Amino acid sequence: RGEGHMKALMPMMIESARKRGMAMLVLGGNRQRYNYFGFDNAGITHRFSITGSTVRHALATVNDDDISFSIVTGDKEDGVAFCRGLSESQTVTGVRPQDEYMDIMHSWRSELKLILKDNERIGYVFARSGELVLTDESLLLQVVKKLYRENGGDYTLSVPPYMTERLRIISPVAGGETIGTVEMVN
């Protein structure tokens, strides 16, 4: 801190991204810190609280016994390919080059996990529940309940407004909902 590393690295990162053809850069973080580099808040998302009360009451009859998670590592190439393919099929997705994919998906104290139902792949979760992608939205409540139990407590599930099916499913059961900005965009 205070040695000017960010002031040197951010312009290099922005220039590198532009040279790679990226028209928009998105990151999370402190608005005041990244505003100097042309980033500002953009977009909205719904944030749903998943709490002990949610699990005990609203999800009491949801059976999550057949849901499990498996950390995706570089030596599990079929798992990596499944997650990349599912990510790239989304309406909005990040640029994650193949040679950088595993570094990106295991950064910021997060890890990429396959979501399994009866040992069959049904999706992935990255950054606890920040990026949750399923092959079938009807499995959402089972996965949310298992995530609560696996995470060891309360968490927030972010859902962008264009994911109308997910909003329809989670809104009636969540402990609370707020609407806020998504990320910082340049």
Side-chain angles (χ1 to χ4, degrees), residues 1-48 50 69-116 121-135 137 140 143 147 150-151 155-167 178-186:
R1 290 193 176 266
E3 295 181 13
H5 298 295
M6 183 185 281
K7 288 180 182 173
L9 292 173
M10 286 298 293
M12 289 169 53
M13 184 274 309
I14 292 168
E15 178 62 23
S16 172
R18 297 287 186 233
K19 284 181 180 176
R20 291 167 74 182
M22 295 177 198
M24 181 171 70
L25 306 176
V26 180
L27 57 80
N30 184 298
R31 181 181 195 179
Q32 290 73 28
R33 178 177 294 150
Y34 295 105
N35 204 240
Y36 292 111
F37 306 102
F39 288 84
D40 209 342
N41 289 334
I44 63 166
T45 192
H46 299 259
R47 292 186 180 93
F48 295 95
I50 307 302
F69 303 98
S70 174
I71 296 173
V72 178
T73 58
D75 61 338
K76 297 180 181 176
E77 289 183 31
D78 57 334
V80 173
F82 173 82
C83 294
R84 278 182 55 85
L86 200 51
S87 172
E88 291 171 0
S89 73
Q90 299 303 296
T91 303
V92 176
T93 189
V95 174
R96 296 171 177 151
Q98 187 166 348
D99 62 330
E100 299 173 25
Y101 187 75
M102 290 305 292
D103 288 336
I104 293 168
M105 300 306 278
H106 288 273
S107 61
W108 290 98
R109 297 178 299 257
S110 296
E111 38 189 21
L112 175 63
K113 293 181 182 179
L114 278 173
I115 305 169
L116 307 166
R121 297 179 194 136
I122 62 164
Y124 73 86
V125 62
F126 171 62
R128 287 190 76 195
S129 61
E131 183 176 334
L132 171 62
V133 181
L134 298 170
T135 57
E137 284 296 306
L140 180 65
V143 172
L147 276 170
E150 290 279 322
N151 287 337
Y155 70 91
T156 301
L157 177 67
S158 294
V159 182
Y162 58 83
M163 294 184 83
T164 56
E165 180 68 5
R166 184 166 291 187
L167 288 169
T178 59
I179 296 175
T181 55
V182 179
E183 299 285 358
M184 302 285 295
V185 175
N186 175 317

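Residues take their numbers from the sequence shown, with the count starting at 1. Quick caveat, the model's predicted, so the values are computed rather than measured.
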Ile50 vs Leu147, side-chain contact (heavy atoms from CB on, under 4.5 Å): CA-CA, chis, key distance, verdict = CA-CA 9 Å; Ile50 307 302; Leu147 276 170; over 6 Å; no

Working to the nearest 0.5 angstrom, can you tell me the gap between [X] [atom1] and [Y] [atom2]?
| X | Y | atom1 | atom2 | value |
| --- | --- | --- | --- | --- |
| Arg18 | Leu25 | CZ | CG | 4.5 Å |
| Met10 | Met12 | CE | CE | 12.0 Å |
| Lys113 | Phe126 | NZ | CZ | 12.0 Å |
| Met163 | Ser158 | CE | OG | 11.0 Å |
| Phe69 | Leu116 | CZ | CG | 9.0 Å |
| Ile14 | Leu9 | CD1 | CG | 11.0 Å |

Within 6.0 Å of OH in Tyr36, more than 12 heavy atoms from elsewhere | no

Is the backbone of [Y] close enough, under 3.5 Å, to the side chain of [X] for a donor and an acceptor to pair up by distance?
| X | Y | result |
| --- | --- | --- |
| His106 | Val72 | yes |
| Arg84 | Arg96 | yes |
| Thr135 | Gly123 | no |
| Thr181 | Gly43 | no |

Compare all side-chain heavy atoms of [X] with those of [Y] and state whether any distance is below 4.5 angstrom.
| X | Y | answer |
| --- | --- | --- |
| Val125 | Glu150 | no |
| Phe82 | Asp78 | no |
| Pro161 | Ile44 | yes |
| Ser70 | Arg121 | no |
| Glu131 | Tyr124 | yes |
| Val80 | Met105 | no |

Side chain to side chain contact (heavy atoms under 4.5 Å, CB included) with Val159: which of Leu140, Leu167, Thr164?
-> Leu167

Return the set of residues passing salt bridge (Lys or Arg N to Asp or Glu O under 4.0 Å) with Arg47 (not counting sequence neighbours), or none when no residue passes.
->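 Listed in chain order: nothing, the list is empty.
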
All salt bridge (Lys or Arg N to Asp or Glu O under 4.0 Å) counterparts of Asp40, not counting sequence neighbours =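 Per chain and number, Asp40 pairs via salt bridge (Lys or Arg N to Asp or Glu O under 4.0 Å) with Arg31.
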
Heavy-atom pair with the smallest gap, counting every atom of Thr45 and Pro160 =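 Nearest heavy atoms, Thr45 then Pro160: OG1-N, 3.6 Å.
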
Closest heavy-atom pair, Arg166 versus Leu132, reported as atoms and distance to 0.1 Å, is NH1-O, 2.8 Å

Quick one: do Thr156 and Thr178 satisfy side-chain contact (heavy atoms from CB on, under 4.5 Å)? Show the steps, please.
-> CA-CA 10 Å; Thr156 301; Thr178 59; over 6 Å; no

Parallel, tilted or perpendicular for Tyr34 and Phe37, by the 30°/60° rule?
->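 Judged by the thresholds at 30° and 60°, the geometry between Tyr34 and Phe37 is tilted.
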
